[in-house]
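In this text the structure is predicted, and so the values were computed from the model without any measurement.
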Amino acid sequence: MLSAEICAELRSALSEHGYTVDRVVEAIGEQAHRALGRNTTVVAARALGDRDDPLAVLTSMWPLQRSVSRSALDRALPGLVGPLAAAGILRQSGNQVHAEVDIRPYASDDGAGGWIVSDLSPNLDTHTAPVRPDFVLGVSSASTTLAQLTLRHPVRRALDLGTGCGVQTLHLARHAQQVVATDLNPRALAMAELTLGLNRVTADLRLGSLFQPVADERFDLITTNPPYVMSPPGKPGQRLTYREGDYPADGLVEQVVRHGPDQLTDGGTLQVLANWAHPAGDDWRQRLYGWIAATGCDAHVVQREALDVDEYVELWLADAGLAGSADYVRRYDAWLDYFEQLGVEAVGMGWIVLRRAGRSDPQIEIEDWPHPLEQPIGPAVADGFQARELEQDLSGDELLGRRWRLAVDVLEESTGAPGAGDPEHIVHRQQRGFRRAVAVDTALGGILGACDGELSLGQIIASVAEILEVPPGMLLDDVVPALRRLVRQGFLG
């Protein structure tokens, strides 16, 4: 799309003018920045007013998608307007220049950032327009979620499966010695190449579907936000490559889950942001368990949200720019017919993480967890695999003989009637990670409170039994299952 020399000049100009997330927010204000997140540009345009300094010009042309004068743009990007126009990134009409491709600043909690190249947003300021089939999406809530989910420990080889605009590769490159990034959309690879070039990141970009471009290769970490949207078959050229595959229902996600572990090294991890079907009359957990069990991998599946089929259809019709269009009702009906034929009553949204642990008895955890999380959640996901493995490998004697410590982020919460001598409920709640909570009675609360690394668990249980005047064996039978669950959930370590 651009030569290395032009790319370097563009990067230098963007840096020189402070075209960064922080400086753009400073220029337009927090309120306008939040409005841009809602696809509204009016507040930001009013904040910039008649400014024609380079930062204002770049912000107007790209995030606001407004035309700017050629003379002002020449001052911001000297010598670059012609090459950018020749590459199809800009278009000149008279003395006005418009962006044809989006280049906007990006920043993240792990330091990955710079600029992301993608297609322009088609839905600014309530504008509705059909999205081209090979549309390349920029940074979205899904890509942010995957970046926050991704394990960040150093690895030798990582795969960004379905790279799109290349944002996941920016993150992976910070802790992987080599990154391979694939996509079946040539246009996406072209934009990913420019994203990587602007940010001086090196990756091996390959064209192809699913794991075909990396057949017989192995990776320590695979991350993917595949085209998981479950939409009915359409006319040729109607499906949106970035979000829809050719498999029925959630078949594409199933393929990734079933075959992705074949591409993992021993101990490697596959992380998938996904949607999955809730079949009428069946447990969605059992469907996903069936996909995962055949892989032999440890797994953690988290459903963050479930939508009824009508909510799901409305969400993705709006995403495609079809809200308010003449074709809206027909497409809505066809989509509902499709779900009815498949027997799907709802759609789950969340993530699937598999680890090739080589265990004879894999740990598979599947849960519905719509509650607030700490972000990034990746470290807690990694800790969860270790905690579940620890608990599974502990014999009864090892559990009782260990000197456990209650996690430092656990706080005790109590509720009760005003003036009452004792609380009605006591809860121990994590302040980090998944922020799980467990209700405790007097015995369990006393045991957890004494887990400070000084006494073994067996000694603590015996002491609490003596205080409560109950047989130690009876208390042991009551609390051990709960204590094992707390080890698995990271309360005890």
Side-chain angles (χ1 to χ4, degrees), residues 110 112 143 145-164 166-183 201-206 208-226 228 252-274 288-302 350-366 376-390 392-393 488:
D110 67 348
S143 56
T145 298
L146 181 57
Q148 292 171 328
L149 171 66
T150 298
L151 306 186
R152 296 176 178 176
H153 57 271
V155 297
R156 189 176 70 86
R157 300 191 79 216
L159 171 63
D160 178 5
L161 184 71
T163 186
V167 63
Q168 302 305 325
T169 293
L170 294 185
H171 290 275
L172 292 172
R174 295 184 63 80
H175 58 95
Q177 294 177 25
Q178 180 191 18
V179 181
V180 177
T182 67
D183 208 292
V201 169
T202 301
D204 183 354
L205 298 174
R206 303 184 192 177
S209 177
L210 293 179
F211 298 104
Q212 176 271 326
V214 294
D216 302 321
E217 296 184 46
R218 298 292 180 269
F219 299 89
D220 305 299
L221 177 62
I222 301 173
T223 64
T224 182
N225 175 18
Y228 50 64
L252 187 144
V253 173
E254 180 180 357
Q255 291 297 309
V256 171
V257 171
R258 287 187 181 274
H259 299 295
D262 295 337
Q263 311 293 146
L264 292 174
T265 58
D266 292 340
T269 304
L270 167 67
Q271 301 192 264
V272 187
L273 203 66
L288 270 61
Y289 185 91
W291 299 353
I292 295 164
T295 70
C297 289
D298 287 353
H300 187 196
V301 178
V302 177
W351 69 69
I352 302 170
V353 182
L354 284 78
R355 188 180 64 164
R356 189 171 178 173
R359 301 167 62 84
S360 59
D361 184 16
Q363 288 275 336
I364 301 177
E365 184 88 15
I366 302 177
I377 194 62
V381 172
D383 290 344
F385 277 106
Q386 294 179 354
R388 288 188 290 274
E389 183 173 342
L390 169 65
Q392 185 181 37
D393 291 344
R488 290 173 59 85

Undergrad: Do you see a donor-acceptor pair shorter than 3.5 Å between the side chains of Thr163 and Asp183?
TA: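 No, no side-chain donor-acceptor contact under 3.5 Å.
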Undergrad: Run Tyr228 and Val256 through side chain to side chain contact (heavy atoms under 4.5 Å, CB included) and show every step you take.
TA: CA-CA 10 Å; Tyr228 50 64; Val256 171; over 6 Å; no
Undergrad: Counting N and O atoms only, with roles assigned by atom type, does the side chain of Arg218 sit under 3.5 Å from a partner on the main chain of Asp262, one being a donor and the other an acceptor?
TA: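 Yes; at least one donor-acceptor contact below 3.5 Å.
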Undergrad: Looking only at heavy atoms, which two atoms of Ile364 and Ala293 are closest? And how far apart?
TA: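 The answer is CD1-CA, 4.1 Å.
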Undergrad: First locate atom OG1 of Thr269, then atom CZ of Arg356, and finally report the distance between them rounded to the nearest 0.5 Å.
TA: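 It comes to 12.0 Å.
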Undergrad: Would you say Arg258 has more than 12 foreign heavy atoms packed within less than 6.0 Å of its CZ?
TA: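 Counting neighbours around CZ of Arg258, more than 12 heavy atoms of other residues, nucleotides or ligands fall under 6.0 Å, so yes.
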Undergrad: With a 4.5 Å cut-off on side-chain heavy atoms, are His171 and Thr150 touching?
TA: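 Answer no - side chains too far apart.
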Undergrad: In Å and rounded to the nearest 0.5 Å, what is the CG to OG1 distance from Asn225 to Thr145?
TA: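 If I round to the nearest 0.5 Å, the distance is 8.5 Å.
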Undergrad: Roughly how far, to the nearest 0.5 Å, is the CD atom of Gln177 from the CG atom of Asp220?
TA: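 Here the rounded value is 8.5 Å.
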Undergrad: Give, for atom OG1 of Thr182 and atom CG of Leu210, the distance between the pair rounded to the nearest 0.5 Å.
TA: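 Answer rounded to 0.5 Å: 8.0 Å.
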Undergrad: Is the closest side-chain heavy-atom distance between Arg152 and Pro379 below 4.5 Å?
TA: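 A side-chain contact under 4.5 Å is absent here.
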Undergrad: How close do Pro362 and Cys297 get, heavy atom to heavy atom, and via which atoms?
TA: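 Nearest pair, atom of Pro362 first, then Cys297: CB-O, 3.4 Å.
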Undergrad: Got Pro226 and Leu161 here, is their nearest side-chain heavy-atom distance under 4.5 Å?
TA: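 No, too far: nothing below the 4.5 Å cut-off.
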Undergrad: Do you know which two heavy atoms are closest between Leu221 and Gln271, and how far apart they sit?
TA: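 The pair with the smallest heavy-atom distance is CD1-OE1, 3.6 Å.
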Undergrad: Using the salt bridge (charged side-chain N to carboxylate O under 4.0 Å, His left out) rule, collect all pairs that involve residues 291-300, keeping only residues at least two apart or in two chains.
TA: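 Checked against salt bridge (charged side-chain N to carboxylate O under 4.0 Å, His left out) - neighbours excluded - the pairs reaching residues 291-300 are Asp298-Arg355, Asp298-Arg359.
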Undergrad: Of all the heavy-atom pairs spanning Val257 and Pro261, show the shortest one and how long it is.
TA: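 Smallest interatomic distance, heavy atoms only, reads O-CD, 3.1 Å.
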Undergrad: Name the residue from Leu270, Leu149, Val301 that meets the side chain to side chain contact (heavy atoms under 4.5 Å, CB included) definition with Val353.
TA: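 Going through the options one by one, the only one that passes is Leu149.
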Undergrad: For Ile222 versus Gly260, what's the shortest heavy-atom pair and its separation?
TA: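 Here Ile222 and Gly260 meet closest at CD1-O, 4.0 Å.
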Undergrad: Output the distance between atom NE2 (His300) and atom CG (Leu354), rounded to the nearest 0.5 Å.
TA: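 If I round to the nearest 0.5 Å, the distance is 11.5 Å.
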Undergrad: Rounded to the nearest 0.5 Å, what separates atom CZ in Arg174 from atom CG in Leu172?
TA: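 Result: 11.5 Å between the selected atoms.
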Undergrad: Could you tell me whether the side chain of Val179 reaches within less than 4.5 Å of the side chain of Val201, counting heavy atoms only?
TA: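 The answer is no, as the side chains (C-beta and beyond) never meet within the 4.5 Å cut-off.
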Undergrad: With a 6.0 Å cut-off (strictly less than), is the heavy-atom count around CG of Asp393, excluding the residue itself, greater than 12?
TA: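 Result for CG/Asp393: enclosed.
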Undergrad: Do Val214 and Phe219 come close enough that some side-chain heavy atom pair is under 4.5 Å?
TA: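 Of all side-chain heavy-atom pairs linking Phe219 with Val214, at least one is under 4.5 Å.
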Undergrad: Using a 4.5 Å cut-off on heavy atoms from C-beta on, say whether the side chain of Arg157 contacts that of Leu159.
TA: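 No; the side chains remain at least 4.5 Å from each other.
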Undergrad: Closest approach of Phe211 and His259, non-hydrogen atoms and distance?
TA: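 Phe211 and His259 have their closest heavy atoms at CE1-C, 4.2 Å.
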Undergrad: What pairs with Arg206 under salt bridge (Lys or Arg N to Asp or Glu O under 4.0 Å), at least two apart in sequence or on another chain?
TA: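 So Arg206 forms a salt bridge (Lys or Arg N to Asp or Glu O under 4.0 Å) with Asp204, Glu217.
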